[in-house]
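Note sheet for the following structure.
Model, not experiment: these values are computed from the prediction.
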Amino acid sequence: MNEIMQILFGLFGGMAIFIFGMNMMSECLQKAAGEKMKSILAMLTKNPAMGVLAGALTTAVLQSSSATTVMAIGFVSAGLMTLPQAISIIFGANIGTTMTAQIIAFKISDYIFLIIFIGFIVSFIAKTEKVKNIGQVIFAFGLLFLGIETMGSVMKPLADSEFFVSMIGKVADLPVFGIAAGTLMTLVVQSSSATIAVLQNFAEQAGPDGVTSILGLTGAIPILLGDNVGTTITALLACIGQAKDAKRTALAHCFFNISGCLLFVWFIRPFAMFIEWISPTGVQVEVISRQIANAHTVFNLVMTLIWTPLLPYMVKIVTGIIRDSVNVPQELSVPMYLDTKLLQQPVAALRLTVEEVIRCGRVTEELLSEISGAVWIDDTGALQPLFEKADQVRRLNEQITEYLSDLSASGSMSEDQANEAVGIMCLLSDLDRITYLCQEILDSFKDKIEKKYKYSKDAMKDLEKGLGLVMEMYSDSLWMVLDGSDNDKEKREKKLRKKKEKILDLSLSMRKAHMDRISKGKCSAKLTKPFHKILNALDRMSNSCANIAEMGFPNLILLGGIEEQRE
């Protein structure tokens, strides 16, 4: 086989193993550290420095700045995070992603297969999901280094090619070529960590003297700057079809990296001298990988220190470029928070699902309130908006359920997160049942109007009272869910049980009163069926309200800090 083809196949194969290992490690780390992720994201405050810290820690846990960036864009698009918060997280994510390069710089070639074996054994014999995830993280960590080792071994012949050495010399002398090469590589691979790993491996190849890097640090830095520019494409792709603030967040990410590139390109040699000074000393080919990792870290630290105090100006810049437009009212049936791009980040996806369910619950509360006042309506046209609202709420409920099903199918959730998703589905089931019963009550009202049935005033008052009690019970149940605390839980549940008993007692007395009115000729016997249909719906609604209150919302306050900022 042609030597060049062997090098290309080896390079792409090694990169594939590296990216697979990195993605697997990120996914398993998420599962193993799901609760920690909530704590990290809850650190958000009005202080931008805390946002930077949260972004850095989240990226260090996920081992992916792209995942953190997409998550921040999803949150700001859903209105769960302010634009300054999201931008500060992006700044931190750029610092957190440098951890990958620092890990790669360690020399563990002799232990790669041992690490893979240990990870496999731990994962294979583990009885609990958490230990299995830890084993898979170790296994993926070994694969990551196996990919690096494969890329390094196939690139060795390039050091003996005069043509290639000449090309590299031109890149080292003209930084613009290095920046273009790094940008193009990252655009193609869609992973700055992978391209930096390739850069570190390639820079370790010795030149003709056997000790000097074929590329050198001054040749590697422009490519590193290009990698940082190329990684912004992920943020731009993530904001397609999103809200204005999401696009502004992605644009801020671009400004951060591009401004850094434009700044550092004028100081490549002094920057390289500084990195060499703070890095370990020794033979260049043995220390250059660490030097590149340090250059990556210092670049992002310096740019974060520059931009964090200037965050208000960054907000003004991106807001000025992407201006606000007239908001078009959104249909109730269209989800406001769900983002399919976050299906691989279950902590974020579940948080957005919670917000959508809260929205669904609030609209259902409005619907119940409007129906309790619809008892006296004698025009079917006036009922139509209520029919439409009930239909839209049910369609929204279906879409939330479908989103949770897609999240489950993605395989990204831990066992605890899967249980949480099941709890949300159960809650959705009760919300949908209440909305369906609202439709049944509206059908009875419509049937009464069309057939010109006349309820007595006493019957109308009893119905209004019953619907009012159900609405109160539903509001209390929803409030218990949203409060998320255990304070006075028993007292609240006792209060709800009393209301349920009151509704049952009222339903029984209404049935007796109706039969009494029929016997006295005050009410038509034809109204018995539709009247009892409404009473049955009220009884079933009260059961669903009790279910909601008893179930509670599993881990509702996933991002407590964000909730405070929105208020």
Donor-acceptor contact below 3.5 Å, side chain [X] vs main chain [Y]:
X: Tyr111; Y: Gly142; answer: no
X: Glu286; Y: Val283; answer: no
X: Thr183; Y: Gly226; answer: yes
X: Thr319; Y: Lys316; answer: no
X: Gln200; Y: Ser289; answer: yes
X: Thr308; Y: Leu305; answer: no
X: Thr231; Y: Asp227; answer: no
X: Thr97; Y: Ala93; answer: no
X: Ser429; Y: Met425; answer: no

- Task: Sequence neighbours left out, what pairs pass side chain to side chain donor-acceptor pair (under 3.5 Å) with at least one residue falling in residues 256-267?
- Result: His253-Asn257, Ser259-Trp307
Quick one: [atom1] on [X] to [atom2] on [Y], what's the gap to the nearest 0.5 Å?
X: Ile112; Y: Leu144; atom1: CD1; atom2: CG; result: 9.5 Å
X: Asp406; Y: Thr340; atom1: CG; atom2: OG1; result: 8.5 Å
X: Ile321; Y: Leu251; atom1: CD1; atom2: CG; result: 5.0 Å
X: Cys261; Y: Asn228; atom1: SG; atom2: CG; result: 8.5 Å
X: Ile268; Y: Thr218; atom1: CD1; atom2: OG1; result: 8.0 Å
X: Leu215; Y: Ile292; atom1: CG; atom2: CD1; result: 6.5 Å

- Verify ring-ring contact (aromatic ring centres under 6.0 Å, His included) between Phe113 and Phe117, making sure each step is shown before the conclusion. CA-CA 6 Å; Phe113 291 105; Phe117 178 72; over 10 Å; no
Compare all side-chain heavy atoms of [X] with those of [Y] and state whether any distance is below 4.5 angstrom.
X: Asn397; Y: Thr401; result: yes
X: Pro335; Y: Leu396; result: yes
X: Leu310; Y: Tyr313; result: yes
X: Gln136; Y: Phe141; result: no
X: Ile306; Y: Leu263; result: yes
X: Phe145; Y: Ile103; result: yes
X: Ile278; Y: Ile275; result: yes
X: Arg351; Y: Val354; result: yes

For [X] against [Y], the heavy-atom pair lying closest together:
X: Gly51; Y: Ser88; value: CA-OG, 3.4 Å
X: Pro309; Y: Thr304; value: CD-O, 4.4 Å
X: Ile288; Y: Ala203; value: CG2-O, 3.5 Å
X: Val315; Y: Pro84; value: CG2-CG, 4.0 Å
X: Ala272; Y: Leu217; value: O-CD2, 3.5 Å
X: Ala101; Y: Ile196; value: CB-CG2, 4.0 Å

- Stepwise, does the side chain to side chain contact (heavy atoms under 4.5 Å, CB included) test hold for Arg290 with Gln102? CA-CA 7 Å; Arg290 179 65 65 191; Gln102 294 289 352; 2.7 Å; yes
- Is the closest basic N to carboxylate O distance between Arg359 and Glu356 below 4.0 Å? yes
- Side-chain donor-acceptor contact under 3.5 Å, Asn294 with Ser279: yes
- What pairs with Phe124 under ring pair (Phe, Tyr, Trp, His ring centres under 6.0 Å), at least two apart in sequence or on another chain? Phe120
- Task: Check ring pair (Phe, Tyr, Trp, His ring centres under 6.0 Å) between Phe255 and all other residues, then give those that pass, not counting sequence neighbours.
- Result: none
- Note on the structure: In Val122, Ile115, Ile116, the residue satisfying side-chain contact (heavy atoms from CB on, under 4.5 Å) with Ile118 is Val122
- Message: Show, in sequence, the C-alpha distance, side-chain angles and deciding distance for Phe91 and Ile87, and conclude whether the side chain to side chain contact (heavy atoms under 4.5 Å, CB included) test is met.
- Response: CA-CA 6 Å; Phe91 292 170; Ile87 293 175; 3.5 Å; yes
- Please lay out, stage by stage, how Leu143 and Phe20 fare under the test side chain to side chain contact (heavy atoms under 4.5 Å, CB included). CA-CA 8 Å; Leu143 286 183; Phe20 176 79; 3.8 Å; yes
- Message: Show, in sequence, the C-alpha distance, side-chain angles and deciding distance for Leu350 and Leu404, and conclude whether the side chain to side chain contact (heavy atoms under 4.5 Å, CB included) test is met.
- Response: CA-CA 8 Å; Leu350 285 171; Leu404 283 171; 4.1 Å; yes
